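Here is the structure we will look at.
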Amino acid sequence: MDITKDNILKILNVNFAYKMIDSVLGPGVVLSPVQSFIYCNITGAGYLNNITFPYSPKGLMKIFHTACACDMVTGLFDKYMPKYTPKKICSRYGFIFDKPKTLIPIEVASEQEYFETLEKMYNCLEKYNLQPHDFVVQRIECSKKGNGMEPFMEFLACEKFKHLGYITENQVPLGHSIGSPDFMAFRSENFHVGLHLIEFALLFLTKSFNNINFHDVRSIYDLVVGEAKTSTTQMVSQIEKYTKTGYYNKQFGIHPNNIAVGKGVGLIYLDNNLNIVIKPSQDNVSDAVEYKNWLFNSIKAYLLVNLYDEQLVQLYNLYIGKIPVSDIEFYDFLQKVDAEHILNVIKEG
């Protein structure tokens with residue numbers, strides 16, 4: 001089974017109860033503003049605000065380059081100040097968080113067909129006096145084997161484990177020699193519900209403070225890693241690289257079909273009724289104290305981007321006496337700053 005225009009909406013409806021509707025552009029599903037942002041961040045789907053470059057936050061919501069290290073990438077931060085953050089995006093693109101969005105899948109075989117389709121959709125919406133930016137376009141590249149839908153499978157894994165109470169993330173930084181897992185999840189006693197990691201950067205908007213209670217980094221446990229494929233079934237060798245780090249307790253292949261995977265590797269797939277099924281993984285004994293501390297510090301970094309620049313500067317001055325001038329100084333700040341203190345500043349607005 002491939003992920004197609006005909007089944008993608010049913011998959012979202014069956015597994016997560018996203019409401020299916022008929023729009024002037026054809027069948028779609030309705031997503032809340034936050035759901036839409038998370039979906040676009042993981043899959044690369046774009047808001048139809050522009051027929052040439054539909055806006056997507058994908059690739060901009062990262063902080064670190066390598067696990068258990070302090071080296072940073074330009075994304076949520078630039079020179080240790082907030083850059084491409086949801087808070088700043090909210091100011092620039094007010095439409096993103098103002099109302100529910102309609103997700104529309106399109107199948108295209110070329111770049112030219114893609115842009116021609118976008119233009120037709122945009123003009124159609126304007127004809128009906130609808131705002132194009134209230135529609136999110138999911139591109140399905142039917143010229144590719146597997147339709148280029150690995151990011152969609154990443155989303156399904158993240159969303160499923162979120163519903164199971166995990167903190168989830170996709171395209172996880174481990175390092176050049178290891179690669180970036182398509183999916184990662186962990187449990188923590190600090191959080192009362194499952195969350196996508198980017199949701200810690202959305203607290204200024206969601207005000208979901210009751211779901212978070214920081215008290216002990218050691219409460220991070222049951223770490224899960226996964227690799228997604230749609231064009232091939234070969235993924236075990238890459239998964240083995242991730243498990244050899246010693247960071248993870250479970251490992252999964254992620255694929256639309258019920259394929260054979262390696263010994264000890266679980267599988268996340270879709271059954272004939274489009275339900276997400278999780279075949280269990282072998283459990284690995286792993287303490288990974290350094291990695292858990294790094295994850296906890298990463299969460300604090302995501303919390304920081306809820307702040308106004310001047311609020312962050314005040315925290316810098318309080319904990320290290322200045323604005324950081326190196327990755328090492330920024331990470332030293334993360335180790336020192338109290339997560340509850342950050343939360344309280346966010347609550348103050």
Side-chain angles (χ1 to χ4, degrees), residues 1-12 18 20-62 74-75 83-84 86 88-156 170-171 182 198 228-232 256:
M1 173 176 61
D2 285 332
I3 307 299
T4 67
K5 179 180 177 180
D6 293 329
N7 63 21
I8 186 172
L9 301 177
K10 294 177 185 176
I11 292 169
L12 295 173
Y18 293 173
M20 297 179 67
I21 63 166
D22 289 318
S23 75
V24 297
L25 298 179
V29 294
V30 178
L31 303 175
S32 74
V34 169
Q35 287 171 330
S36 301
F37 187 80
I38 293 169
Y39 184 88
C40 291
N41 180 49
I42 296 176
T43 66
Y47 298 86
L48 193 54
N49 64 308
N50 185 300
I51 59 175
T52 306
F53 299 106
Y55 179 78
S56 178
K58 183 178 174 66
L60 300 176
M61 302 289 111
K62 301 300 182 182
T74 299
K83 179 71 170 177
Y84 299 113
K88 290 182 181 288
I89 289 169
C90 190
S91 298
R92 183 175 180 183
Y93 301 106
F95 62 84
I96 289 181
F97 296 113
D98 68 346
K99 63 178 66 172
K101 309 302 178 193
T102 302
L103 173 67
I104 303 291
I106 60 171
E107 289 184 349
V108 294
S110 66
E111 287 291 304
Q112 182 177 348
E113 183 182 2
Y114 173 58
F115 291 118
E116 288 175 353
T117 302
L118 291 181
E119 185 172 8
K120 289 177 182 177
M121 295 171 72
Y122 194 96
N123 291 339
C124 176
L125 292 168
E126 288 200 321
K127 175 183 175 182
Y128 284 94
N129 294 315
L130 297 171
Q131 291 287 357
H133 59 227
D134 288 334
F135 289 77
V136 170
V137 180
Q138 172 64 66
R139 178 178 180 176
I140 300 172
E141 300 177 85
C142 53
S143 61
K144 293 182 178 180
K145 186 178 180 181
N147 292 342
M149 294 303 285
E150 281 89 355
F152 179 74
M153 295 306 299
E154 294 172 26
F155 174 79
L156 293 186
N170 73 308
Q171 295 300 313
D182 294 323
I198 192 61
K229 298 292 182 188
T230 58
S231 61
T232 179

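The structure presented is a predicted model; accordingly, all values stated were derived computationally and were not measured.
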> Checking Glu107 side chain against Cys142 main chain: does a donor-acceptor pair fall under 3.5 Å?
Replying inline: no
> Are there more than 12 heavy atoms of other residues, nucleotides or ligands under 6.0 Å from atom NZ of Lys144?
Replying inline: no
>> Any non-hydrogen side-chain atom of Val137 less than 4.5 Å from a side-chain atom of Ile106?
In response: yes
> What is the minimum heavy-atom distance between Leu125 and Pro132, and which atoms define it?
Replying inline: CD1-CA, 3.6 Å
> Taking atom CG of Asn41 and atom NZ of Lys58, what is their separation to the nearest 0.5 Å?
Replying inline: 7.5 Å
> Closest approach of Asp182 and Ala228, non-hydrogen atoms and distance?
Replying inline: OD2-N, 2.7 Å
>> If the threshold is 4.0 Å, N to carboxylate O, is there a salt bridge linking Asp98 and Lys101?
In response: yes
> If you measure from NZ on Lys229 to CD on Glu150, what distance do you get to the nearest 0.5 Å?
Replying inline: 6.5 Å
> What's the verdict on side chain to side chain donor-acceptor pair (under 3.5 Å) for Glu126 and Gln131, showing C-alpha distance, side-chain angles and the deciding distance?
Replying inline: CA-CA 7 Å; Glu126 288 200 321; Gln131 291 287 357; over 6 Å; no
>> Does any part of the side chain of Tyr55, heavy atoms only, come nearer than 4.5 Å to the side chain of Asn50, both counted from C-beta?
In response: no
>> Quick check: do Met20 and Pro27 have side-chain heavy atoms less than 4.5 Å from each other?
In response: no
> Taking all atoms of both residues into account, what is the closest heavy-atom pair of Ile89 and Tyr84, and its distance?
Replying inline: CD1-O, 4.0 Å
> Should Arg139 and Glu111 count as an ion pair when the cut-off is N to O under 4.0 Å?
Replying inline: yes
> Does the side chain of Leu118 reach to within under 4.5 Å of the side chain of Pro54, using non-hydrogen atoms?
Replying inline: yes
> Can you find a pair of side-chain heavy atoms, one from Glu154 and one from Thr43, that are under 4.5 Å apart?
Replying inline: no
> Of Tyr93, Tyr122, Phe95, which meets ring pair (Phe, Tyr, Trp, His ring centres under 6.0 Å) against His133?
Replying inline: Phe95
> Just by distance, do the side chain of Glu116 and the backbone of Glu113 share a donor-acceptor pair under 3.5 Å?
Replying inline: no
>> Using modelled atom types and a 3.5 Å cut-off, is there a donor and acceptor pairing between side-chain atoms of Lys99 and backbone atoms of Ser32?
In response: no
> What distance separates Asp134 CG from Ile96 CD1, expressed to the nearest 0.5 Å?
Replying inline: 11.0 Å
>> Apply side-chain contact (heavy atoms from CB on, under 4.5 Å) to residues Ile8 and Met149 and explain how you reach the verdict.
In response: CA-CA 10 Å; Ile8 186 172; Met149 294 303 285; 3.7 Å; yes
>> So does Val30 get a backbone contact from the side chain of Thr102, meaning a donor-acceptor N/O pair under 3.5 Å?
In response: no
> Would you say Thr230 and Asn147 make side-chain contact, with heavy atoms under 4.5 Å?
Replying inline: no
>> Could you report the tightest heavy-atom contact between Gly146 and Asp2, atom names first, then the distance?
In response: CA-OD1, 4.1 Å
>> What I'd like to find out is whether the side chain of Pro86 reaches to under 4.5 Å of the side chain of Met61, using heavy atoms alone.
In response: yes
> Stepwise, does the side-chain contact (heavy atoms from CB on, under 4.5 Å) test hold for Tyr18 with Leu103?
Replying inline: CA-CA 10 Å; Tyr18 293 173; Leu103 173 67; over 6 Å; no
> Just how far is it from atom CG of Leu48 to atom CG of Leu25, taken to the nearest 0.5 Å?
Replying inline: 7.5 Å
> Between Phe135 and Asn49, does a side-chain contact (heavy atoms from CB on, under 4.5 Å) hold up when you go through it step by step?
Replying inline: CA-CA 8 Å; Phe135 289 77; Asn49 64 308; over 6 Å; no
> Looking at Pro57 and Cys40, what are the two nearest heavy atoms and their distance?
Replying inline: CD-CB, 3.7 Å
> Can you tell me how far the CG atom of Asn170 sits from the CD1 atom of Ile38, to the nearest 0.5 Å?
Replying inline: 11.0 Å
> For the atom pair CD1 (Ile198) and CD1 (Ile42), what is the distance rounded to the nearest 0.5 Å?
Replying inline: 9.5 Å
> Which atom names give the shortest non-hydrogen contact between Ile51 and Phe115, and what distance separates them?
Replying inline: O-CD2, 3.7 Å
> Mind checking whether Ile104 and Val136 have side chains closer than 4.5 Å, heavy atoms only?
Replying inline: no
>> Can you tell me how the ring of Phe37 sits relative to the ring of Phe97, calling it parallel under 30°, perpendicular over 60° and tilted otherwise?
In response: tilted
>> Checking side-chain polar atoms at under 3.5 Å, does Gln138 have a donor or acceptor matched by the opposite partner on Tyr39?
In response: yes
>> Taking Lys120's backbone N and O only, do any of them form a donor-acceptor pair with Asn123's side chain (distance below 3.5 Å, no angle check)?
In response: no
